[in-house]
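Note sheet for the following structure.
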Amino acid sequence: MREGHEGTGPGAITPDGCAVELYSRLPVGAEPDIIAAAVPAGARILELGSGVGRMIHPLLERGFTVTAVDESAEMLERVRGARTICSPIENLDLGETFDVVMLASFLVHAGDEEERRALLRTCVRHVAAGGCVLIQREGEDYHANVPRERVDPSGFTVRIVSAEPVGDGVNSVYAEYVFPDAVWTQTFLARPLTKDQFEEALAETGLKVDSYLTPDRVWVRAVPMD
């Protein structure tokens, strides 16, 4: 288990506290539509931190070719139709490039700044000339608007119970996922980033914002600096 991370509930738990069975149950949402609208048709996509393939499977249906990377073999066992690579993201070097590199699931908010830099360097290392990096940020009030909960139409409840400072600008976030037949929890470290801090973090590793893809600026298309 990664330091500061913990998960509880039925089934396998990954090193960052994610529950494989939970992520297999989560609905897809609007993400595949956002991604498809932001990149060329038929693009080759590298998803870093793919999990069980929640976004991959709809992207494959839309005609994209996807390579899935995750450090959890149990997560990757749930992926269908995509090439899978079991590896931590930070030191990944496939020796090839892709039209699109995707870093979703708020991974850019890693509590450890050097870990964040390593994640973004992996993105830069694998994006083709003329390609782009798609990044999912936390919402602007993610750490301030707590506790909060959302009841999903499919019948489960997500609660962000707390976001407690642990020093150096990092918060320990505690979340609950309550289903009729099971409950999962996750504790993880996250570093809030304002828009300016986020853009500075990109610039550190040679990336810049090309456009914010959603009104809340959660989804971002970045490109290598000239």
Row check, Tyr23 ring normal vs Arg78 NZ/CZ: under 6.0 Å, within 45° | no
Could you tell me whether a side-chain N or O of Asp70 sits under 3.5 Å from a main-chain N or O of Ser72, the two making a donor and an acceptor?
-> yes
d(Glu47 CD, Met102 CE) to nearest 0.5 Å is 3.5 Å
How about Glu3: does its CD atom have over 12 heavy atoms from other parts shown lying under 6.0 Å from it?
-> no
Which residues pass the side-chain hydrogen bond (donor to acceptor under 3.5 Å, both in side chains) test with Arg116, sequence neighbours left out?
-> Glu204
What is the ring orientation for Trp184 with Phe179, classed by angle as parallel under 30°, tilted 30 to 60°, or perpendicular over 60°?
-> perpendicular
Thr185 side chain to Glu176 backbone, donor-acceptor under 3.5 Å = no
Hey, are Arg191 and Glu115 close enough for a salt bridge, meaning a charged N less than 4.0 Å from a carboxylate O?
-> no
Flag the pair Glu90 and Arg2 as a salt bridge only when some basic side-chain nitrogen lies within less than 4.0 angstrom of an acidic carboxylate oxygen.
-> yes
Identify the heavy atoms of Gly111 and Val170 that sit nearest to each other, and give their distance.
-> O-CG2, 3.4 Å
Can His143 and Asn171 be counted as having a side-chain donor-acceptor contact under 3.5 angstrom?
-> yes
Does atom CG of Asp181 have more than 12 heavy-atom neighbours from other groups under 6.0 Å away?
-> yes
Shortest non-hydrogen contact between Ile89 and Leu48, atoms and distance = CD1-C, 3.7 Å
Taking the six-membered ring of Phe198, is NZ or CZ of Arg137 closer than 6.0 Å to its centre and within 45° of its axis?
-> yes
Can any side-chain N or O of Glu200 pair as donor or acceptor with the backbone N or O of Gln197 at less than 3.5 Å?
-> no
For Leu120 and Ala201, the nearest pair of non-hydrogen atoms, with its separation, is CD1-O, 3.7 Å
Any idea which heavy atoms bring Leu26 and Arg54 closest together, and the distance?
-> O-CD, 3.5 Å
Could you tell me whether the side chain of His126 and the main chain of Leu94 form a donor-acceptor pair under 3.5 Å?
-> yes
Contact summary for Leu103 and Leu119, nearest pair of heavy atoms | CD2-CB, 4.3 Å
Hey, do the aromatic rings of Tyr174 and Phe188 have their centres closer than 6.0 Å?
-> no
